[in-house]
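Down below is the structure, laid out as structure tokens.
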Amino acid sequence: MNPLLYGSNNEERIVAVSQYGDRTMRVFFREEDTIRSTDHNFFPFFLVSDSSVLRDFGVKTWVKELDGENYFRYLCAFSSWNEMWDAIRLMIERTPQENSGKIETYADLPFLQLRTDAVSQFLLQSGRTLFKGMEFSELHRLQLDIETYTSPGSRFSNANRPGDRIIIIALSDNRGWSYCIDGKSKREDEMLRELVRIICEKDPDIIEGHNIYNFDLPYLLTRCEMFGIDFAVGRDGTSPRVFDSRMSFAERYVKYSAHEIPGRHIIDTWLLVQSYDTQKRSLESYGLKYAAKYFGFAKEDRIYIQPERISWYWDHEPDLLLRYALDDVEETRLLSEHLSQSSFYLTQMLPYNYGAVARMGSAAKIESLLMREYVRQRHSVPKPERGAQTSGGYADIFYTGVLQPIVDVDVESLYPSIMLEEKIAPSREPLGVFSATLGELTRMRLAAKRSMKAATSEGERSQIDALQSSFKILINSYYGYLGYNRALFNDMAAADRVTRTGQQILRQLITAIGESAGTVVEVDTDGIYFVPPPSVQSEEDEERFVERIAKILPKGITLAIAGRFQKMLSYKTKNYALLGYDNRIRIKGSSLTSRSIEKFGRNFLLQGIECLLNNNIDGLHSLYVNLHRDISDHALTAADFARTETLKESIESYLTSVKSGERNRTASYEVAIAAELEWKPGDRVSYYFTGSDAGIKAFENCKLIDAWTADSPDENVHYYLRRLDEFTRKFEPFFQPSDFRKIFSLEDLFGFSAEGIHVLRQHVAQKELNEEEDEADLSRPDPKIWLEENL
DNA sequence: AGCTGTGGCAGGGAGG
DNA sequence: CCTCCCTGCCAC
């Protein structure tokens with residue numbers, strides 16, 4: 001049976017499994033020797049927090065009390081697979097709710113715990129919960145947003161402070177209905193009761209909100225508790241279950257309070273926006289208003305009210321605030337429509353419900369596919385392998401400067417293709433589910449892409465696109481799963497084989513392009529930017545050229561043109577700018593564009609790069625002179641020179657690691673502590689530097705951005721002029737030293753002449769393939785650089 | 001109660 | 001000055 005389609009017919013489908021009431025059921029893996037010998041390590045067994053759960057079901061169990069740190073009190077194991085299977089079936093019949101959880105090993109116990117919602121790892125839930133065979137448009141989605149009153153003098157709203165309260169509850173759905181519960185005509189307890197009534201009557205499948213986990217739901221629950229109201233919005237009449245959770249987005253993670261409403265699913269567009277941004281990296285903030293504008297969902301006549309002015313508007317212009325709140329829920333609906341569809345379609349393939357899938361990382365998704373099949377075939381599963389990958393993608397730069405024209409070629413789905421062609425899979429995965437599902441997902445994605453071409457309406461297109469992108473997300477995670485040190489089926493050596501093969505393929509392509517008289521400028525993992533040979537003129541020529549190069553590739557690996565550009569400014573590895581044929585400039589890399597770079601610096605770099613790409617040396621000079629003057633004259637505002645950084649640690653863990661000398665004090669944390677901000681890891685803080693000389697200690701001379709006033713500007717001019725110098729130095733590789741000094745000097749505008757100044761193109765010596773620890777190499781001061789003719 | 005990976009650049013603190 | 005180490009941010 002196709003593991004991806006498991007449970008897609010009614011015979012195979014198993015209804016939701018979980019604990020009942022406050023009785024919790026957990027799944028454990030037990031060391032093989034206790035039950036049955038096998039070539040693998042673990043069998044699944046149950047752990048229950050209350051053994052009477054199983055006794056109630058008449059299951060014969062072996063119960064042992066644990067002591068010490070383990071917070072579960074009882075263990076139960078089964079003497080045979082059939083007994084366990086019977087127990088699962090019984091539970092299924094008797095327990096209608098859902099669960100959630102995770103995996104953890106206990107070093108001192110022969111158990112591997114699946115703290116995850118016991119059985120959702122193993123078994124499919126009801127068709128309605130997994131939305132098998134349904135379309136996104138069939139869901140009933142309700143959007144919710146609350147506005148709160150903040151007592152004077154406070155910076156943040158707080159559900160526990162006297163005077164703070166809910167003033168508006170804005171609601172809408174995807175069937176054209178919208179409504180405001182208005183605190184002018186109702187008491188707050190009446191508002192809350194009305195909300196519970198409306199949710200139960202409307203009976204939506206999904207409840208959506210922007211930052212609903214961390215703000216709206218906790219606030220609502222706190223207020224309900226104060227009024228003694230049961231927030232019973234579950235389909236079974238129960239109130240939400242709350243637990244702390246965290247979601248990781250590439251290098252950072254955010255904490256949030258997950259809520260589960262029985263029978264419904266919660267979608268937090270704040271999390272979805274961040275998840276989207278880990279791939280695109282183009283959002284400046286994750287706020288609703290910014291995100292709605294970014295995606296083009298903001299109406300022209302949309303009302304904007306600064307968060308700190310909400311209470312004022314409530315007192316003076318409540319009607320405007322009502323419109324504002326309705327605009328919020330509408331934007332939430334549109335955002336969610338755009339960002340949650342792929343999770344919806346993924347749900348149909350995974351043994352998790354929609355709300356869980358939207359919160360889950362990709363490794364957990366892959367593992368659930370594997371686990372489901374292993375349990376179905378009643379096969380034991382391995383323990384995670386310790387260790388780490390040793391290799392990654394190949395990245396290199398061959399030229400700096402302005403080059404043209406540019407073709408960008410990508411090896412399509414490099415790592416997945418390698419895994420399929422070279423048959424790379426976890427070594428401890430005898431059932432072959434890894435390769436089978438990867439192959440099947442790839443096949444389904446190609447089929448979806450083909451049918452997209454035949455789609456007639458825009459709605460159909462976007463639906464198929466969501467489907468194929470949900471395949472893509474999973475497919476691209478298979479490689480990451482191999483190297484994940486907590487994955488049950490991980491295989492570090494296999495992960496290394498994948499990346500090494502990828503590196504080889506890239507090097508082959510680089511050689512082939514060079515031998516065909518193309519000029520490779522920059523490469524990274526699976527893509528190459530190069531200048532085609534002079535004989536290649538038209539777009540068709542380029543296509544033929546790429547086709548010819550692609551002939552050297554192994555079977556199953558395909559090359560495609562990912563983009564064509566007028567010019568490229570190549571700066572450093574993973575740092576470059578592109579000038580498209582649409583005259584748009586795209587800047588890549590943390591040293592040229594980064595959210596932690598001050599706004600004035602980002603603008604300076606952007607405009608400077610624009611000048612370089614257009615060979616406008618005069619413009620570059622005046623850009624520098626003007627900015628230098630503005631900084632000196634205090635003509636910038638706090639928004640221009642503020643630095644915004646993410647606080648990745650909690651205050652406790654920051655202070656602990658500073659105390660133990662593990663890390664140094666940092667301005668961002670110090671400023672947050674000094675201002676008594678209450679932050680969660682993942683929150684961002686904006687600050688600026690004060691003091692009167694450039695050699696300040698940053699963490700001792702910083703203030704929150706709010707502390708700055710135009711009347712008494714106390715930003716450290718010397719520091720920011722030094723920053724400007726740091727930004728200009730990024731242009732150093734593009735000019736002769738004397739030209740560089742001329743351009744970035746305060747010489748009078750009319751005295752400056754760009755004559756004779758050219759943008760340099762330099763060849764950068766390629767990194768050694770095998771870094772041999774050889775004396776000669778170490779003594780060499782710098783990579784060899786050849787100066788070449790400018791363009 | 002949860003978490004996919006490596007490679008690369010920049011900036012700051014601390015100590016030589 | 002310089003180097004080391006760390007964190008943050010980004011490309012893929």
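Just so we're on the same page: letters track the sequence lines, and every chain starts at 1. Bear in mind the structure is a predicted one, so any value in this text is a computation, not a measurement.
Across all strands, A:T499 comes closer than 4.0 Å to no nucleic acid atom at all (heavy-atom distances). At the heavy-atom level, A:Y484 lies under 4.0 Å from base atoms of the strands shown. Residue contacts shown for A:Y576 are limited to sugar-phosphate atoms, with no base heavy atom under 4.0 Å away. Among the heavy atoms of the strands lying under 4.0 Å from A:M360 are primed sugar atoms or P, OP1, OP2 only; no base atom is included. Across all strands, A:G480 comes closer than 4.0 Å to base atoms (heavy-atom distances). Among the protein residues, A:R723 comes within range of the sugar-phosphate backbone only, with heavy atoms under 4.0 Å from sugar or phosphate atoms but none that close to a base.
Using modelled atom types and a 3.5 Å distance limit, the side chains of A:Y394 and A:D396 yield a donor-acceptor pair.
Residue A:R602 places none of its side-chain N or O atoms closer than 4.0 Å to OP1 or OP2 of C:dC10. Distances shorter than 4.0 Å separate none of the side-chain N or O atoms of A:R595 from OP1 or OP2 on B:dA10. Residue A:K572 places no side-chain N or O under 4.0 Å from the OP1 or OP2 atom of C:dA11.
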Verdict with supporting geometry, A:L221 and A:H259, side chain to side chain contact (heavy atoms under 4.5 Å, CB included):
CA-CA 11 Å; A:L221 285 168; A:H259 290 64; 3.5 Å; yes

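Closest to the side chain of A:S590, out of C:dA11, B:dC3, B:dG8, is B:dG8. In this structure, of B:dG8, C:dC12, B:dA10, it is B:dG8 that holds the atom nearest to the side chain of A:T573. In the set B:dC3, C:dA11, C:dG8, the nucleotide with an atom closest to the side chain of A:D524 is C:dA11. Among the nucleotides C:dG8, B:dC9, B:dG12, the one closest to any side-chain atom of A:E726 is B:dG12. Relative to the side chain of A:S591, the nucleotides B:dA10, B:dT4, C:dA11 differ in distance, and B:dA10 lies closest. Distances were taken from every side-chain heavy atom of A:Y529 (C-beta onward) to each of B:dC3, C:dC9, C:dC12; the shortest belongs to C:dC12. Of the listed nucleotides (C:dG8, C:dC12, B:dT4), C:dC12 has the atom at the smallest distance from the side chain of A:D526. Distance from the side chain of A:T525 is smallest to C:dC12 among B:dG7, C:dC12, B:dG11. Comparing B:dG11, C:dC10, B:dC3 by their closest approach to the side chain of A:R643 singles out B:dG11. Taking the side chain of A:S594 as heavy atoms from C-beta on, and the options B:dG11, B:dA10, C:dC10, the nearest nucleotide is C:dC10.
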Quick one, give me the B/S/- string for nucleotides 2-7 of chain C, reading 5' to 3', where B means a protein heavy atom under 4.0 Å from the base and S means that only happens at the primed atoms, P, OP1 or OP2.
----SS

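At whole-Å resolution of the value, CD1 in A:I397 and P in B:dG7 are 18 Å apart. Following rounding to the nearest Å, A:F434 (CZ) and B:dT4 (C1') show an atom-to-atom distance of 11 Å. Atom C1' of nucleotide B:dG5 and atom CE of A:M492 are separated by 10 Å, given to the nearest angstrom. The separation between A:L414 atom CG and B:dT6 atom P is 17 Å, rounded to whole Å. Between A:Y654 atom OH and B:dG12 atom C1' there is a gap of 11 Å when expressed in whole angstrom units. A straight line from CD1 of A:I597 to C1' of C:dC9 spans 9 Å, rounded to a whole angstrom. With rounding to whole Å, A:D277 atom CG is found 12 Å from C:dC9 atom P. Between A:K588 atom NZ and C:dC12 atom C1' the separation is 10 Å, expressed in whole Å.
Taken from CZ in A:F740 to CZ in A:F734, the straight-line distance is 10.5 Å, to the nearest 0.5 Å.
Here the shortest heavy-atom pairing between A:V498 and A:M419 reads CG2-CG, 3.6 Å.
Scored by the salt bridge (Lys or Arg N to Asp or Glu O under 4.0 Å) test, A:K472 finds no partners at all (sequence neighbours excluded).
Geometrically, A:R663 does not engage A:Y654 in a cation-pi contact defined by less than 6.0 Å to the ring centre and at most 45° from the axis.
Below 30°, between 30° and 60°, or above 60°: for A:H763 and A:Y399 the angle between ring planes is above 60°, a perpendicular geometry. The aromatic rings of A:F727 and A:F604 sit tilted, their planes meeting at an angle between 30° and 60°.
Here A:E598 does not pair with A:R602 in a salt bridge; the nearest charged N to carboxylate O distance is not below 4.0 Å.
For B:dC3 and C:dC12, the P atoms lie 26 Å apart once the distance is rounded to whole Å.
The 5' end of DNA chain B is approached more closely, in terms of each residue's nearest nucleotide, by A:K574 than by the other of A:K574 and A:Y571.
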